[in-house]
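When reading the values below, keep in mind they use all heavy atoms of this one structure, side chains included, and skip hydrogens, waters and symmetry mates. This one's a predicted model, so the numbers in the text were calculated from it and none came from an experiment.
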Amino acid sequence: MTVSIYNTKSGKKEPFSPLEKDHIKLYVCGITAYDYCHIGHARSTLVFDMIVRYLRYRGFKVTYIRNFTDIDDKIIKRAQEQHTTTEELANRFIKAFREDMESLGNEPPTLEPKATENIPEIIAIIQELITKGFAYEVEGDVYFKVNRFANYGSLSGRNLEDMLAGARISINEQKQNPMDFALWKASKPGEPVWGSPWGAGRPGWHIECSAMSRKFLGDTFDIHGGGKDLIFPHHENEIAQSEASSGKPFVATWIHHGFVTIKDEKMSKSLGNFLTIREILEKYPAEVLRFFVFSTHYRTPLDFSETAMKDAETGLDRLYTCLAEIAKLPVHGDPNQSPAAGKKNVSKINSLVDRFVKAMDNDFNSAQALGHIFEVVKVLNTIRQSLPASPAESDLALLHASAKSIRELAGIMGLLQQEPVAYIKDKQEKTMGLLDIDQAAIESLISDRKIAREQKNWTRADEIRDILLNHQIEIKDEADGSTSWQVKI
RNA sequence: GGCGGCGUAGCCAAGUGGCUAAGGCAGUGGUCUGCAAAACCAUUAUUCAGCGGUUCAAAUCCGCUCGCCGCCUCCA
């Protein structure tokens with residue numbers, strides 16, 4: 001079996017194999033550091049975190065580069081508004097981004113280069129483009145000549161005539177063609193500057209990725225990723241720059257993920273309909289967000305809503321509950337007891353890894369992969385529920401092994417890594433802290449109810465139960481006559 | 001206007017021509033219980049926006065219609 005990946009360049013799913021045996025080189029466009037990141041950015045990092053983890057699980061070595069854009073128009077503007085330097089502003093939000101990544105439970109990339117730390121490489125590539133006739137300088141600006149690059153538009157399926165017909169491009173007198181884009185921008189007064197053969201200035205947006213990917217991964221590498229909105233112009237321009245300068249193919253596979261939407265509209269800074277990662281993590285555990293994100297295929301739009309998050313949380317609880325119940329079972333059982341697990345169920349359990357891998361091999365279909373896990377959870381619950389008082393050794397071994405396997409697979413998405421029993425308990429304690437009733441009051445009510453029940457005063461007993469339930473306390477009458485309680489989660 | 005995508009049960013969502021259209025949430029029924037709750041189990045689409053075509057066979061391929069969204073300007 002091989003991993004298949006949907007390649008934006010071909011518009012098809014293709015069997016994937018790295019250029020260098022067992023070593024995958026991956027470059028992902030990171031953030032422009034000028035503000036806190038929203039859930040859309042979170043999805044991007046989550047998706048590639050999952051992809052990298054899965055490729056590693058499949059035995060590949062993965063070199064994963066994710067850059068920071070720490071110099072651009074938005075950063076300059078924001079820094080001026082805040083009366084600070086672009087450097088301070090960018091560093092502040094890079095730090096915030098790293099905190100967010102940590103909270104989300106993302107593994108760090110192999111390297112996280114910044115544009116400003118690679119200015120010499122950027123200048124070198126621009127010079128190469130000028131020398132080869134793909135770029136020209138006008139009064140300290142340098143532009144890429146799109147007409148010179150025959151394949152311009154191949155990634156996004158556009159051609160220059162159609163784009164010009166769109167007429168949404170602001171006409172810049174200096175450009176030879178309105179579609180030409182800046183490689184280097186002459187600085188205006190007060191802006192940060194770097195020296196260059198064309199005078200003091202700063203790099204354009206697209207060139208940094210060409211320079212950094214070349215520096216860390218080479219002229220040609222396996223996978224380049226980002227959001228769908230980067231296909232044009234960003235990635236189109238990267239291809240033009242990189243291929244024009246190196247004369248070699250740039251990237252074998254382009255992966256683009258879908259957006260996060262709210263009420264079916266793209267979440268974005270410009271629309272103002274965004275929620276920051278921080279705001280979400282105040283309300284929901286990171287694992288719930290991960291579960292929510294991976295419940296939908298990465299190329300499909302993901303519509304965020306409170307209901308969807310609540311559903312995700314309930315689903316995640318179901319998984320943890322199953323694991324916690326299994327963890328409570330003894331490790332060893334009765335070797336003479338006949339097994340409760342039926343043949344069909346056993347084969348469903350045993351095929352989990354294969355089915356999971358098959359789903360993930362198919363363009364990282366995490367939604368389907370999670371579905372398989374849920375299916376096995378149902379089977380495990382059935383077996384556990386039908387266990388006799390002294391369960392069979394084989395049943396217990398099967399349940400424990402399956403739980404371990406589920407946690408291992410879910411770990412590829414960064415899910416189910418908490419101790420299941422502790423997860424349930426923590427959750428209850430957390431809720432308990434928010435309640436308007438304390439333990440003593442609960443126990444006192446339960447003992448009142450016990451008396452009522454002994455007197456067969458069901459009305460009073462039920463009344464007490466309702467009072468407790470109003471305080472989010474659920475009680476359970478045990479077989480031995482005692483009553484246990486727990487916080488409703 | 002150009003290019004691309006989507007439309008599957010009450011909601012979310014998988015489904016790369018052919019076994020009973022995954023799975024989750026909600027709902028309903030049941031096991032348990034004095035009654036409950038929790039947990040668990042069962043159940044919920046003769047049908048995949050609509051129409052037509054290709055095929056022995058279509059949610060899946062092709063065409064048209066309707067609706068929604070994205071990119072073409074900074075954007076994950």
Side-chain angles (χ1 to χ4, degrees), chain A residues 4 6 8 11-13 28-32 34 37-48 72-74 77 153 156-159 161-170 179 205 225-234 236 256-261 264-271 274 291-292 295-297 299-303 305 307-308 310-316 318-319 321-322 325 355 359 362-363 365-375 377-378 381-382 384-386 453 456 458-459 461-462 465-466 468-469 473-479 484-486 488-489:
Chain A
S4 292
Y6 180 89
T8 307
K12 287 191 295 236
K13 265 183 225 172
V28 176
C29 289
I31 58 151
T32 299
Y34 75 107
C37 288
H38 57 64
I39 320 175
H41 300 109
R43 183 182 197 191
S44 179
T45 64
L46 252 21
V47 162
F48 287 106
D72 95 318
D73 294 348
K74 293 190 296 292
K77 183 163 174 265
S156 54
R158 299 151 199 256
N159 59 60
E161 295 76 63
D162 289 345
M163 284 189 273
L164 288 170
R168 286 175 69 185
I169 308 130
S170 58
M179 292 309 294
W205 173 38
K228 276 191 160 121
D229 47 359
L230 296 183
I231 295 172
F232 190 90
H234 187 55
E236 198 70 74
H256 292 99
H257 64 261
F259 304 125
V260 175
T261 59
D264 293 326
E265 275 195 324
K266 182 184 170 187
M267 179 183 291
S268 71
K269 294 264 161 89
S270 41
L271 285 171
F274 62 91
F291 182 92
F292 168 64
S295 296
T296 298
H297 182 83
R299 283 189 285 115
T300 305
L302 179 64
D303 199 47
S305 69
T307 320
K310 260 281 74 62
D311 288 355
E313 186 160 25
T314 313
L316 187 64
R318 178 173 163 84
L319 297 180
T321 302
C322 170
E325 291 303 318
R355 286 185 293 146
N362 182 17
D363 198 28
N365 195 335
S366 57
Q368 191 174 49
L370 282 172
H372 293 319
I373 288 181
F374 272 101
E375 207 184 348
V377 159
K378 176 171 285 187
N381 284 336
T382 305
R384 179 177 57 77
Q385 204 77 12
S386 64
R453 291 184 74 216
K456 302 235 185 274
W458 308 125
T459 315
D462 292 350
R465 187 177 57 214
D466 290 344
L468 287 166
L469 199 56
I473 301 299
E474 292 167 343
I475 56 171
K476 180 188 174 191
D477 297 326
E478 305 286 356
S484 64
W485 62 274
Q486 61 176 12
K488 187 176 173 186
I489 54 174

Closest to the [X] side chain, choosing from [options]:
| X | options | result |
| --- | --- | --- |
| A:A461 | B:G34, B:A38, B:A13 | B:G34 |
| A:K476 | B:A14, B:A76, B:A38 | B:A38 |
| A:E375 | B:A13, B:C41, B:G23 | B:G23 |

What does A:G226 touch in the nucleic acid at a heavy-atom separation under 4.0 angstrom: a base, only the sugar-phosphate, or nothing? sugar-phosphate

At 4.0 Å (heavy atoms only), tell me whether A:Q486 reaches a base, stays on the sugar-phosphate, or touches nothing. sugar-phosphate

Could you please name the partner base of [N], counting Watson-Crick and G-U wobble pairs only when both distances are under 3.5 Å?
| N | value |
| --- | --- |
| B:C35 | none |
| B:G7 | B:C66 |
| B:U46 | none |
| B:G1 | B:C72 |
| B:A14 | none |

Is the backbone N or O of [Y] less than 3.5 Å from a side-chain atom of [X], with the two atoms forming a donor-acceptor pair by type?
| X | Y | value |
| --- | --- | --- |
| A:R355 | A:Q368 | no |
| A:D303 | A:D264 | yes |
| A:E236 | A:G153 | yes |
| A:K228 | A:R299 | yes |

On RNA chain B, nearest-nucleotide positions of A:S44 versus A:I231: which is more 5'? A:I231

Map A:N381 and A:G371 onto RNA chain B by nearest heavy atom, then report which one ends up closer to the 5' terminus. A:G371

Check this one for me: any side-chain N or O of [X] less than 4.0 Å away from OP1 or OP2 of [N]?
| X | N | result |
| --- | --- | --- |
| A:K228 | B:C69 | no |
| A:T300 | B:A14 | yes |
| A:K266 | B:C71 | yes |

Look for any protein N or O under 3.5 Å of an N or O in nucleotides 25-31 of chain B and output each such pair with its distance, or none.
| from | atom 1 | to | atom 2 | distance (Å) |
| --- | --- | --- | --- | --- |
| B:C25 | O2' | A:D311 | OD1 | 2.4 |
| B:C25 | O2' | A:D311 | OD2 | 3.4 |

Checking A:S4 against A:N362: is there a side-chain donor and acceptor pair closer than 3.5 Å? no

Using a distance-only criterion (donor-acceptor N/O pair, under 3.5 Å, no hydrogens), is the base of [N] paired with the side chain of [X]?
| X | N | result |
| --- | --- | --- |
| A:D477 | B:U33 | no |
| A:R465 | B:A36 | yes |
| A:R384 | B:C40 | no |
| A:D462 | B:G34 | yes |

Side chain to side chain donor-acceptor pair (under 3.5 Å) filter on A:T459, not counting sequence neighbours, yields none

Holding to side chain to side chain donor-acceptor pair (under 3.5 Å), I want the full list of residues that pass it with A:H38, two or more places apart in sequence or in another chain. none

Closer than 4.0 angstrom, basic N to acidic O: yes or no for A:E375 and A:K378? no

Atom P, compared across B:A57 and B:U44: separation rounded to whole Å: 29 Å

